[in-house]
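Both backbone and side-chain heavy atoms feed into the values below; hydrogens, waters and symmetry mates do not. Residue numbers start from 1 in every chain, and the chains themselves are labelled A, B, ... in the order their sequence lines are given, proteins ahead of strands.
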There are 2 protein chains.
Amino acid sequence: MSSTFQNPSCQHCKDRFSSIFCKAEQCNLEQIDQAKVCSIYKKGQVIFHEGAYPFGVYCINNGKIKLSHSGDDGREQIIRLVKAGDIMGYKALLSNERYTATATALEDSSICFIPKDLFMSILQKDASLSFEMMRILSSELRKAELKITHLAQKPVRERLAETLLFIKETYGLEADSQTLNVRLSREEIANLVGTATESAIRLLSEFKKDGMIELEGKKIRLLDMTEIIRTANLQD
Amino acid sequence: MSSTFQNPSCQHCKDRFSSIFCKAEQCNLEQIDQAKVCSIYKKGQVIFHEGAYPFGVYCINNGKIKLSHSGDDGREQIIRLVKAGDIMGYKALLSNERYTATATALEDSSICFIPKDLFMSILQKDASLSFEMMRILSSELRKAELKITHLAQKPVRERLAETLLFIKETYGLEADSQTLNVRLSREEIANLVGTATESAIRLLSEFKKDGMIELEGKKIRLLDMTEIIRTANLQD
DNA sequence: GAGTGGCTATGATATGTGTCAAGGGAGAAT
DNA sequence: ATTCTCCCTTGACACATATCATAGCCACTC
């Protein structure tokens, strides 16, 4: 699936061509640019809340967002990490239901809002945008199903290693090309792995003792990638 | 989302209007009807296999199918139960990757195959079909994410009760309005719940002892629905 | 009728992981 | 500085659940 730079004049695409809107036709992009409303969310601020009705989709200009369910007992499960160029809130919109997850800023973020009616009407006209949307949904579904299998079958240790790799894939590394380019609390890491906070802490300490990673507050440096991959025990 | 009976002449819709193709325009339906290839799969037979390349989508005329990942250690995780009127194989097609799951017939089933090119070209022309496709994908994604949360947070007992309800929702009950209308092995139930076969067996026995269900070979009768719902501890 | 293989059931046991409790460290507010 | 608060860390413990082993049951075959 090539992510060709189709619309050089598209503001959404200028610095990140991965955005779905690069797939849209020129005239539609202009409409979106006119109607969108951008705003800044502070770290910790909620963009939308589980149970609320969706009025549009959100497109991240820059920043980092977590999408999470809050389980029955109040424990949160992080479903997805969102980065610049990604969109969010489309699932509730397309299935015509309320939000099933809460979006919270992991750091100060700049986010555009695109109203529902506009988004839907353009989706109706613009087949390549629809295709891109379906591609995104399919890919998310694939990831979710893989996660289900791993949650059911893999021990926490493997899942934690996998999660570290996942964070790296999503947000990348800092200039030193070792440090994960995001600050997550231990609790958030645990909620990503699907385990108790204490278990996550204990295993991170083990990883450190084994020389796989280095810890410094919320900074996590991946020292021995091959060993981390081996521990994650990935095969599919 | 209304499932209006839009095309009375659509062969796919004659007896089950839930099929996605009811959303398609008339002319496109005729094309599909011409190009589709129907065949019968025996119980236990594999329709497509994890890792293979997709050449089209499958539409179930009647029968029951399980979609499953085979985990690293060979244990299978059942991802979805497919019923008459449903389609399958679309995820790999739309994301342009190989199948991530294996489809196996749970009983003798009649299944249509629709070639990739046709399906994609109609999807391109037919916005309402695209919307329906996106609706399906969104809804599957919602379910998958909910399952992730429950796997991470709920004990096996609750998940088993939930699974019984899920099977009932999917395949319904027999004439006595108590017996689940599908025969699954204990192992398959365990792979649906995400637990060991022995654990599933033990808990089913407990449910029986508590008067919630009745067991007779692979037949499962739901006696006390309110108690099952209570045990599932659903809240979202 | 005896043998075979697959599924179901149940007991014994081991262990991974969650939970509870207490302590420690860093930064913010006063 | 000092307190406060939040997060991290570690230990002890209990428990749910996986694993291993064994046996019964049923359908089928030879």
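- Proximity of A:Lys218 to the phosphate of D:dC7: no side-chain N or O atom is located under 4.0 Å from OP1 or OP2.
- One interatomic measurement links the two molecules: CD1 of B:Ile201 to P of D:dA18, which rounds to 12 Å at whole-angstrom precision.
- For the contact set between residues 205-212 of chain B and DNA chain C, defined by any heavy atom under 4.0 Å, the members are B:Ser205.
- The base of C:dG18 does not come close enough to the side chain of A:Arg202 for any donor and acceptor atom to sit less than 3.5 Å apart.
- Both A:Thr197 and B:Arg157 lie near DNA chain D, and the one whose nearest nucleotide falls closer to the 5' end is A:Thr197.
- If you check the side chains of A:Glu76 and A:Ser68, you find a donor sitting under 3.5 Å from an acceptor.
- With rounding to whole Å, B:Glu216 atom CD is found 12 Å from D:dC26 atom P.
- Cation-pi geometry between B:Lys64 and B:Tyr171 is met: under 6.0 angstrom from the ring centre, within 45 degrees of the axis.
- For A:Glu198 against C:dC20, a side-chain-to-base donor-acceptor contact under 3.5 Å is present.
- As a whole-Å value, the separation of B:Glu158 CD from D:dA16 P is 12 Å.
- Side-chain contact annotation: A:Glu158 with A:Asn233, donor-acceptor N/O pair under 3.5 Å present.
- The separation between A:Lys219 atom NZ and D:dC7 atom C1' is 18 Å, rounded to whole Å.
- Considering only side-chain N and O atoms, B:Thr195 lies nowhere under 4.0 angstrom from the phosphate OP1 or OP2 of D:dT17.
- Of all nucleotides listed (D:dT17, C:dG18, D:dT19), D:dT19 comes nearest to the side chain of B:Ala196.
- In this model, no donor atom of one side chain and acceptor atom of the other lie less than 3.5 Å apart for B:Ser185 and B:Lys218.
- When rounded to the nearest whole Å, the span between CD of A:Gln153 and C1' of C:dG16 equals 16 Å.
- Regarding contacts with the backbone of D:dT17, every side-chain N or O of B:Ser199 stays at 4.0 angstrom or more from both OP1 and OP2.
- In this structure, the CD1 atom of A:Ile189 is 14 Å from the P atom of D:dC7, given to the nearest Å.
- Under a 3.5 Å cut-off, the side chain of B:Arg159 and the backbone N or O of B:Val193 do form a donor-acceptor pair.
- A donor-acceptor pair shorter than 3.5 Å can be found between the side chains of A:Thr226 and A:Asp224.
- For the residue pair A:His69 and A:Glu50, no side-chain donor N or O sits within less than 3.5 Å of a side-chain acceptor on the partner.
- Atom-to-atom, CZ of B:Arg186 to C1' of C:dT10 comes out at 14 Å; the value is rounded to the nearest Å.
- Atoms CZ (B:Arg159) and C1' (D:dT17) sit 10 Å apart, rounded to a whole Å.
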